[in-house]
Amino acid sequence: MKVGVLGAGTMGNGIAHVFSQYGYNVVLVDIEEKVLSNSLDIIKNNLNRQSQKNIINESDIANILSRVELSTDINSFASCDLVIEAIKEDLNLKKNIFNQLDKICKTDCILATNTSSISINRLAESTLRSDKVIGMHFMNPVPVMKLVEVIKGRNTSSETLNLILSVSKKLDKIPVQCNDSPGFVSNRILMPMINEAAHCYSEGVADALSIDSIMKLGMGHPMGPLKLADLIGVDVCVFILNVLFDELKDVKYKPSDILLKMVDNNELGKKTGKGFYNYEF
């Protein structure tokens, strides 16, 4: 199986990493050469880190990297059996991409999306292969996190679903199936928690470290909700909350004022150096 990954950002390069690590030939496509170059450096660094932790052998790194092909041409996906889209969370942009992929890819190629909130059904409508469209939501950081949230669309076939479940297991991941719904399971539950933690912070109930410590020590979370918001990106959290609010019409999904203010101030978390915490580049 040849795998295509569209988008070489944080999620895209992580997805390319794990597929190549487990023996798949991968073509990683992005419109910017610099992004592709940076993504390959990130994959190299993460492979070296895995080698130091004895997760992989140092001698395997060159072979893993040799399985990753970089391209700025979306037509490079023509020979792929599975293409995973991992671009910006923008419905119209994704619909346009799925329409292009439908025309470029082989008729039996599965089109998957790594979206964390956008409807699988709406993306499938942009193609003539709705039975072969599915959600494959990896968690960040992809090489570390075990879960793949597999989202079945209205017309996703059992053959497509079973193949994606099988492929996920071959990546040493744990696939868990759900049906298409705003935010699926992961973000429908996670985002209100992050939103409520932001309310607590803005109301002075506790500082960020205290809020996160209480959730870690008392609720068994490996990372507190505000630290997690910084890792995900405050802007991404706001986007997902807006999708949930627009679709479900429930006020609990309305982004808190502090989250909106942080986006306006470009305090987006780890990627900008400041969020609920300060970070050094």
Side-chain angles (χ1 to χ4, degrees), residues 7 9-15 38-39 42 45-46 49 53 86-90 114-118 137-149 174 176 182-281:
T10 301
M11 297 304 294
N13 69 58
I15 294 167
N38 288 342
S39 72
I42 291 168
N45 290 337
N46 287 336
R49 201 171 288 122
K53 295 180 179 179
I87 63 172
K88 180 181 177 183
E89 289 286 79
D90 181 311
N114 184 58
T115 184
S116 58
S117 60
I118 290 174
H137 181 205
F138 290 83
M139 304 293 128
N140 185 30
V142 180
V144 176
M145 300 294 281
K146 287 292 187 182
L147 173 65
V148 178
E149 190 177 28
I174 301 172
V176 181
F184 318 130
V185 171
S186 57
N187 281 319
R188 184 164 176 174
I189 294 171
L190 173 63
M191 287 302 151
M193 182 182 71
I194 287 176
N195 206 32
E196 199 59 40
H199 280 304
C200 288
Y201 174 82
S202 66
E203 293 166 11
V205 177
D207 62 21
L209 183 59
S210 297
I211 291 169
D212 283 346
S213 295
I214 288 168
M215 295 304 292
K216 287 170 64 179
L217 297 172
M219 310 302 166
H221 293 194
M223 182 183 294
L226 300 181
K227 192 81 169 180
L228 183 55
D230 278 357
L231 177 63
I232 294 169
V234 175
D235 55 334
V236 176
C237 293
V238 167
F239 174 86
I240 297 169
L241 283 164
N242 279 326
V243 169
L244 290 165
F245 182 60
D246 290 343
E247 294 287 339
L248 299 172
K249 310 301 182 189
D250 191 324
V251 70
K252 70 184 176 187
Y253 299 114
K254 186 176 181 180
S256 68
D257 289 342
I258 186 65
L259 292 177
L260 296 173
K261 183 179 178 181
M262 291 171 73
V263 171
D264 288 341
N265 292 337
N266 201 42
E267 297 173 354
L268 308 182
K270 197 169 183 180
K271 62 187 173 185
T272 59
K274 181 174 174 56
F276 289 100
Y277 299 86
N278 293 316
Y279 303 87
E280 293 181 5
F281 286 109

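We're numbering straight along the sequence, starting at 1.
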Results of side chain to side chain donor-acceptor pair (under 3.5 Å) for N187 - residues two or more places apart only: none
Determine all donor-acceptor pairs shorter than 3.5 Å in which one atom belongs to a side chain in residues 233-240; sequence neighbours excluded.
residue : atom : partner : partner atom : Å
D235    : OD1  : K271    : NZ           : 2.9
D235    : OD2  : K271    : NZ           : 3.1

Set of residues satisfying side-chain contact (heavy atoms from CB on, under 4.5 Å) with respect to V144, sequence neighbours excluded: P141
By salt bridge (charged side-chain N to carboxylate O under 4.0 Å, His left out) - contacts of K146 (at least two apart): D172
E267: partners by side chain to side chain donor-acceptor pair (under 3.5 Å), with sequence neighbours left out: none
Pairs involving residues 236-252, ordered by first then second residue, that meet side-chain hydrogen bond (donor to acceptor under 3.5 Å, both in side chains) (sequence neighbours left out): R122-E247
Set of side chain to side chain donor-acceptor pair (under 3.5 Å) partners for S39, sequence neighbours left out: none
Partners passing ring-ring contact (aromatic ring centres under 6.0 Å, His included) against F276 (at least two apart in sequence or in another chain): Y201
Residues forming a side-chain contact (heavy atoms from CB on, under 4.5 Å) with S256, sequence neighbours excluded: N195, A198, H199, I258, L259
F184: ring-ring contact (aromatic ring centres under 6.0 Å, His included) partners, not counting sequence neighbours: none
Donor-acceptor contact below 3.5 Å, side chain N278 vs main chain K274: no
Per-pair distances, 0.1 Å, donor-acceptor, side chain in residues 206-218, under 3.5 Å, sequence neighbours excluded:
residue : atom : partner : partner atom : Å
D207    : OD1  : L209    : N            : 3.4
D207    : OD1  : S210    : N            : 2.8
D207    : OD1  : S210    : OG           : 2.7
D212    : OD1  : L226    : N            : 2.9
D212    : OD2  : K227    : N            : 3.0
D212    : OD2  : Y277    : OH           : 2.6
S213    : OG   : L209    : O            : 2.7

